[in-house]
Amino acid sequence: MESQERKMQLLGTTPIVKALLAMGLPTMLGMMINALYNIVDAFFVGGLGESQTGAISVAFPLGQFVVGLGLLFGNGAASYISRLLGRGDKEKADNVASTAIYSGLVAGAVFIIFSVIFIKPLLKVLGATDSIMPYAVMYGSIYIGSSIFNVFNVTMNNIVTSEGAAKISMAALLTGAILNTILDPIFISVAGLGVTGAAIATAISQCVSTIVYLIYIFSKKSTFSFSIKKCKYSKDIVTEILKIGVPTLIFQLLTSLSITFINNQAKQYGDAIIAAMGVVVRITALGTSMIFGFIKGFQPIAGFSYGIKNYKRLSEATKYSIILSTSFCVVLGIIMISCPAQLISLFTKGNADMISAGAKSLRANGISIMVFGFYTVYSSLFLALGKAKGGLFLGVCRQGICFIPIIFTFPLFWGLNGILYAQPIADGIAAIIAAIMAIFLHKQLRKERNQYTNINIKL
């Protein structure tokens with residue numbers, strides 16, 4: 001009980017910067033560690049050759065969509081849970097948490113079975129060349145088949161964070177990532193399993209993260225009690241989960257599609273370019289995942305503050321989240337701009353084409369990532385406040401509305417550069433759109449705050 005009270009204090013009364021760091025840093029580190037799964041796989045597989053690196057690149061979008069299913073129910077539930085806890089409705093928060101967990105597992109299982117059955121045609125659509133396909137099938141079958149653990153982990157990550165227990169998420173993700181780093185070289189090189197070994201290492205590591213979450217649940221340390229009996233598919237619960245979760249799923253789907261479009265556009269330039277773009281995506285995703293993790297700490301504070309009508313705290317949380325996330329993104333961007341070739345070289349035996357193309361793209365992404373924190377704060381804020389339309393629009397903006405037209409048109413007149421610079425250009429346009437929407441959102445919040453203040457004065 002005392003632990004639960006501390007969690008509520010963290011969401012509602014702890015000084016805002018301290019609360020953001022306490023909530024955001026563990027999840028930020030956890031997401032960074034989770035992203036290292038892909039970095040570590042690419043690093044060790046890179047020593048096998050460009051076709052093998054290309055194989056894990058074309059399988060990556062399927063894994064991202066599976067993560068999206070976890071986010072659909074986890075992020076959708078987390079936003080609603082934070083507002084329910086702010087209102088003191090613990091019983092309904094229990095219903096939402098249980099509904100999210102079991103729904104995510106069922107949806108994930110259905111998609112995974114479909115993907116494994118049709119793995120080869122799916123990989124073809126995702127950009128696998130004839131030389132990449134054998135390795136992609138070996139890696140993808142195990143990688144996707146074991147992703148049911150990741151669905152559970154991602155859903156729990158969001159739910160646990162919504163109750164102010166971000167350290168548990170960090171512990172679960174950290175345990176899995178460390179294990180993956182240890183197992184990758186053992187299975188890939190020592191056991192001689194190649195890309196299959198990378199997939200097996202990832203599967204075991206994700207399973208261990210699941211066990212950490214299960215221990216947390218069964219030890220009764222969670223604010224929530226999970227049970228099939230508590231699943232409630234009432235209209236309001238389903239609506240609240242989906243109106244926040246669907247934009248998140250669409251965002252994740254567009255992320256998968258953007259990688260697919262890049263792979264297919266890069267096909268004509270050979271396996272080395274596909275491998276290069278795969279490495280760029282992973283390095284960039286390491287940074288963006290950390291920002292997403294930090295903002296996951298901001299979201300429950302924003303949702304809780306909005307739920308109890310504490311507009312001052314909501315404003316402070318938004319301001320400091322922008323400052324902290326942008327500071328991080330600027331430092332990260334400088335690193336990416338300063339040594340792009342050296343970073344790409346870590347993932348290849350010395351392929352000049354891969355290093356040259358990857359360095360160009362990574363340098364451009366280093367520039368655009370500097371505005372990513374600002375964009376993510378507002379795309380998350382709309383969802384935290386339950387404003388699904390704004391959240392949906394911003395969710396599809398970066399990887400959809402802005403990116404898709406660019407990736408299909410720029411290569412026509414700019415060749416390979418049109419592929420390498422497509423994402424950075426889309427990021428810049430999306431940040432401008434987010435700034436415009438932010439102005440209107442703050443006007444609306446000021447109006448709501450004034451109305452609430454006037455009502456209290458009259459009472």
Do [X] and [Y] have side-chain heavy atoms sitting under 4.5 Å apart?
X	Y	value
Val377	Ser325	yes
Val160	Tyr213	yes
Ile217	Met156	yes
Gln399	Leu257	no
Phe382	Met437	yes
Leu362	Leu343	yes
Thr376	Thr288	no
Leu385	Leu445	yes

More than 12 foreign heavy atoms under 6.0 Å from OH of Tyr320: is that the case here?
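For Tyr320, atom OH is not crowded (no more than 12 foreign heavy atoms under 6.0 Å).
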
More than 12 non-hydrogen atoms from neighbouring residues, nucleotides or ligands closer than 6.0 Å to OH on Tyr135, yes or no?
no

Check [X] against [Y] and note the closest heavy-atom contact, atom names and distance.
X	Y	value
Ile159	Ala100	CD1-CB, 4.0 Å
Tyr143	Ala59	CE2-O, 3.8 Å
Cys231	Thr99	CA-OG1, 3.4 Å
Val66	Ser147	CG1-CB, 3.5 Å
Gly127	Ile274	O-CD1, 3.9 Å
Ser57	Ile259	O-CG2, 4.2 Å

Mind running side chain to side chain contact (heavy atoms under 4.5 Å, CB included) on Leu332 and Ile291 for me, showing each step along the way?
CA-CA 11 Å; Leu332 178 62; Ile291 291 301; over 6 Å; no

Centroid separation Phe114 to Phe118 less than 6.0 Å
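Close enough - the centres of the two rings lie under 6.0 Å apart.
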
Is it the case that the ring center of Phe292 lies less than 6.0 angstrom away from the ring center of Phe372?
yes

Gap separating the [atom1] atom of [X] from the [atom2] atom of [Y], nearest 0.5 angstrom:
X	Y	atom1	atom2	value
Ser315	Arg446	OG	CZ	9.0 Å
Asn157	Ile168	CG	CD1	11.5 Å
Ile132	Leu123	CD1	CG	10.0 Å
Leu105	Thr155	CG	OG1	6.5 Å
Ile113	Ile144	CD1	CD1	13.5 Å
Phe73	Leu249	CZ	CG	8.5 Å

From the list Thr53, Ile39, Val45, side-chain contact (heavy atoms from CB on, under 4.5 Å) with Phe347 holds only for Ile39

Check: [X] side chain, [Y] main-chain N or O, donor-acceptor pair, under 3.5 Å:
X	Y	answer
Asn365	Ser361	yes
Ser98	Asn95	no
Glu240	Ala77	no
Ser258	Thr255	yes

Phe393 ring centre to Lys389 NZ or CZ under 6.0 Å, with the angle to the axis within 45°?
no

Between Arg282 and Phe60, is NZ or CZ placed under 6.0 angstrom from the six-membered ring centre and within 45° of the ring axis?
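Pair Arg282/Phe60 counts as cation-pi.
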
Steps toward side chain to side chain contact (heavy atoms under 4.5 Å, CB included) verdict (Ile200, Ser146):
CA-CA 9 Å; Ile200 293 173; Ser146 63; over 6 Å; no

Dump the intermediate steps for ring-ring contact (aromatic ring centres under 6.0 Å, His included) on Phe374 and Tyr378, then the final yes or no.
CA-CA 7 Å; Phe374 174 84; Tyr378 280 101; 5.2 Å; yes

Is there a side chain to side chain donor-acceptor pair (under 3.5 Å) between Gln423 and Asp427? Walk through the geometry before answering.
CA-CA 6 Å; Gln423 187 65 70; Asp427 288 351; 2.8 Å; yes

Is a donor from one side chain sitting under 3.5 angstrom from an acceptor on the other, for Tyr139 and Asp41?
yes

Is there a donor-acceptor contact under 3.5 Å linking the side chains of Asn153 and Ser209?
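Result is no, nothing qualifies.
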
As a quick check of understanding, evaluate side chain to side chain contact (heavy atoms under 4.5 Å, CB included) for Leu242 and Leu72, giving each step before the final call.
CA-CA 7 Å; Leu242 293 183; Leu72 165 64; 4.1 Å; yes

Quick one: sort the Phe111 and Phe65 rings into parallel, tilted or perpendicular, breaks at 30° and 60°.
tilted

Would you call Lys387-Glu448 a salt bridge at under 4.0 Å N-O?
yes

Between Tyr233 and Ser103, is a side chain to side chain donor-acceptor pair (under 3.5 Å) present by the stated rule, with each step listed?
CA-CA 10 Å; Tyr233 291 93; Ser103 299; 2.6 Å; yes

Leu314 vs Lys312, side chain to side chain contact (heavy atoms under 4.5 Å, CB included): CA-CA, chis, key distance, verdict
CA-CA 5 Å; Leu314 174 62; Lys312 181 180 179 181; over 6 Å; no

